[in-house]
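All values below come from the heavy atoms of this structure, side chains included, with hydrogens, waters and symmetry mates left out.
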Amino acid sequence: MSTKKQLTLTIVSQEKQLLSVKVDSITAPATKGEVTILPEHISLFTKLEPGVLIYRIDRDQHTFVVSNGFLDVHDGKDVTVIVDSATDA
């Protein structure tokens, strides 16, 4: 029996932790264009621009509008997004 590989997405603003959830993929507005993160992605630290962050769980798509910030992929399974502000869209 195989287990489904997922990422743990954590979104943190200056005020508080906004989200911590298991997801299948993340698409974020990086400074050089959109970046999509899948399970087992290489380690990455990148600057984010204001825009829409999309995360997917099974067939459902969810969005956050994010301000300037950073995205950190660690060990191919943990993704932390640190932003000035974010709103569940």
Could you check if a side-chain atom of Ile57 sits within less than 4.5 angstrom of a side-chain atom of His62, using non-hydrogen atoms only? yes
Is Leu53 linked to Val21 within one hydrophobic cluster, defined over Ile, Leu, Val, Met, Phe, Trp and Tyr using a side-chain heavy-atom separation of less than 4.5 Å? yes
Can you check whether Gln17 reaches Thr10 side chain to side chain, under 4.5 Å on heavy atoms? yes
Are any of the side-chain heavy atoms of Ser43 and Val73 separated by less than 4.5 Å? no
Identify the two heavy atoms, one from Pro29 and one from Val52, that lie closest to each other, and give their separation to 0.1 Å. CD-O, 3.6 Å
Picking from Lys5, Arg59, Lys4, what satisfies salt bridge (charged side-chain N to carboxylate O under 4.0 Å, His left out) with Asp24? Lys4
Once rounded to the nearest 0.5 Å, what's the spacing between atom CG of Leu48 and atom CD1 of Ile82? 9.5 Å
So CD of Gln61 and OG1 of Thr63: to nearest 0.5 Å the spacing works out to 7.5 Å
What I'd like to find out is whether the side chain of Thr80 reaches to under 4.5 Å of the side chain of Leu71, using heavy atoms alone. no
Could you grab the distance from atom NE2 of His41 to atom CG of Asp75, nearest 0.5 Å is fine? 13.5 Å
Tightest non-hydrogen contact, residues Val65 and Ala89, listed as CG2-CB, 3.9 Å
May I ask you to test the Thr36-Ile26 pair for a side-chain heavy-atom distance under 4.5 Å? no
Is it true that the side chains of Ser13 and Ser85 contain a donor and an acceptor less than 3.5 Å apart? no
If you define the side chain from C-beta out and look only at heavy atoms, does anything of Tyr55 sit under 4.5 Å from Thr27? no
Heavy-atom distance under 4.5 Å between the side chains of Phe64 and Ile11, does that happen here? yes
Hey, could you give me the CZ/CG distance between Arg56 and Leu9, rounded to the nearest 0.5 Å? 12.0 Å
Side chains of Lys47 and Thr31: do they bring a donor and an acceptor to under 3.5 Å? no
Measure the spacing between OG1 of Thr46 and CG of Asp72 and express it to the nearest 0.5 Å. 10.5 Å
Dump the intermediate steps for side chain to side chain contact (heavy atoms under 4.5 Å, CB included) on Ser25 and Leu7, then the final yes or no. CA-CA 7 Å; Ser25 70; Leu7 301 159; 5.5 Å; no
Nearest heavy-atom approach of Pro50 to Asn68 is CD-OD1, 3.0 Å
Determine the minimum heavy-atom distance between Val83 and Ser67, stating which atoms define it. CG1-O, 3.8 Å
